[in-house]
Amino acid sequence: MGSTPDSSHGNLLAHVLVPVANENDAEKTALALEPYDPDKVTVLHVVEKGEGVPDKTPVEQSENIAAESYAAVRRVFPDANDHTAYARDIVAAIFEAADEVDASAIAYRSRGGNRIMQFLSGDHSLKLVTQANRPVIALPRTDGDESAE
């Protein structure tokens, strides 16, 4: 019991890693996290790589999406750090980034979608909460979140 509430092991919100998909998602996620007043925020964008198949989007376009996402989070958390990962497995990239930045928790906002979309995407939320080696915070969605992102 040697940890204090301010240590990274005792304070869930000491350093939160926030994975985001795009600018709209980043803005909604940051606004959902804001009331919890984390000490430190690192925003993560994962550029999906194809590994032998064409990438979903050109790398330059993906990096622009990442920059827009970081800017959206910084409107709410001006001191937020950013972290870009390049990987095929998004969830594994989130876990690796959390280790790299020594995050106390991962905070995300479910992007929803119907069961077919969740099945096709491999249901990232399920993997996040069942395979993580640190706390995962599912941020609440608002009524306006039901539209496609």
Side-chain angles (χ1 to χ4, degrees), residues 2-113 115 117-141 145 149:
S3 66
T4 65
D6 292 334
S7 76
S8 64
H9 296 289
N11 183 356
L12 190 64
L13 299 175
H15 184 185
V16 180
L17 180 71
V18 181
V20 297
N22 55 47
E23 183 178 10
N24 184 42
D25 176 51
E27 179 181 22
K28 289 179 179 182
T29 302
L31 290 172
L33 180 61
E34 183 180 30
Y36 302 99
D37 194 28
D39 296 337
K40 183 177 180 181
V41 172
T42 297
V43 60
L44 169 68
H45 180 79
V46 179
V47 176
E48 289 186 75
K49 298 298 293 171
E51 290 186 20
V53 298
D55 295 337
K56 288 186 176 185
T57 57
V59 172
E60 184 176 325
Q61 181 181 353
S62 295
E63 289 173 343
N64 288 337
I65 292 169
E68 292 166 353
S69 299
Y70 301 148
V73 171
R74 285 195 185 101
R75 289 193 287 273
V76 178
F77 297 103
D79 296 329
N81 295 321
D82 59 66
H83 189 90
T84 305
Y86 299 85
R88 181 173 185 169
D89 184 336
I90 294 172
V91 176
I94 292 169
F95 295 155
E96 287 174 25
D99 287 340
E100 289 173 18
V101 303
D102 195 27
S104 58
I106 299 166
Y108 79 105
R109 195 181 55 81
S110 173
R111 286 160 192 94
R115 293 238 184 246
M117 288 305 296
Q118 290 177 1
F119 174 75
L120 293 174
S121 70
D123 199 353
H124 298 335
S125 292
L126 179 62
K127 289 179 184 177
L128 268 175
V129 299
T130 60
Q131 298 176 9
N133 65 353
R134 70 195 70 235
V136 176
I137 303 164
L139 297 167
R141 295 174 55 87
D145 285 349
E149 295 178 32

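These numbers were taken from a predicted model, which means no experiment stands behind them.
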### Task
Kindly compute the distance separating CG (Leu44) from OG1 (Thr84), expressed to the nearest 0.5 Å.
7.5 Å
### Task
Heavy atoms only: give me the nearest Val136-Ala132 pair and the separation to one decimal.
CG2-CB, 3.4 Å
### Query
Do you see a donor-acceptor pair shorter than 3.5 Å between the side chains of Ser62 and Tyr86?
no
### Query
Can you name the closest pair of heavy atoms from Glu48 and Ile90 and give their distance?
CD-CD1, 3.4 Å
### Task
Please test Val129 against Tyr108 for side-chain contact (heavy atoms from CB on, under 4.5 Å), starting from the C-alpha separation and ending with a verdict.
CA-CA 10 Å; Val129 299; Tyr108 79 105; 4.0 Å; yes
### Ala32 versus Pro140, closest heavy-atom pair with distance
CB-O, 3.8 Å
### Query
If every non-hydrogen atom of Pro135 is compared with every non-hydrogen atom of Ser104, which pair is closest and at what distance?
CD-O, 3.4 Å
### Query
Would Val41 and Leu33 satisfy side-chain contact (heavy atoms from CB on, under 4.5 Å), going step by step from the backbone distance to the final call?
CA-CA 10 Å; Val41 172; Leu33 180 61; 4.2 Å; yes
### Message
Looking at Asp99 and Arg134, is any side-chain nitrogen of the basic one under 4.0 Å from a carboxylate oxygen of the acidic one?
### Response
yes
### Query
Shortest non-hydrogen contact from His45 to Val20?
ND1-O, 3.3 Å
### Query
Are any non-hydrogen side-chain atoms of Tyr36 and Val16 less than 4.5 angstrom apart?
no
### Message
How long is the straight-line distance from CD1 of Ile137 back to CZ of Arg109, given to the nearest 0.5 Å?
### Response
15.0 Å
## Note on the structure
Given the options Arg74, Arg75, Lys28, Glu23 meets salt bridge (charged side-chain N to carboxylate O under 4.0 Å, His left out) only with Arg75
### Task
Would you check if Val73 and Thr29 make a side-chain contact, meaning some heavy-atom pair closer than 4.5 Å?
no
### Message
Quick one, Leu13 with Asp37, criterion side-chain contact (heavy atoms from CB on, under 4.5 Å). Give me CA distance, side-chain angles, the key distance, then yes/no.
### Response
CA-CA 8 Å; Leu13 299 175; Asp37 194 28; over 6 Å; no
### Task
Starting at NZ of Lys40, measure out to CG of Leu17 and round the result to the nearest 0.5 Å.
11.0 Å
### Query
Measuring from Tyr70:OH to Ile65:CD1, what's the distance to the nearest 0.5 Å?
11.5 Å
### Task
Could you tell me whether the side chain of Ile106 reaches within less than 4.5 Å of the side chain of Ile94, counting heavy atoms only?
yes
### Query
So, for Asp102 and His15, which heavy atoms are closest and what is the spacing to 0.1 Å?
O-ND1, 3.7 Å
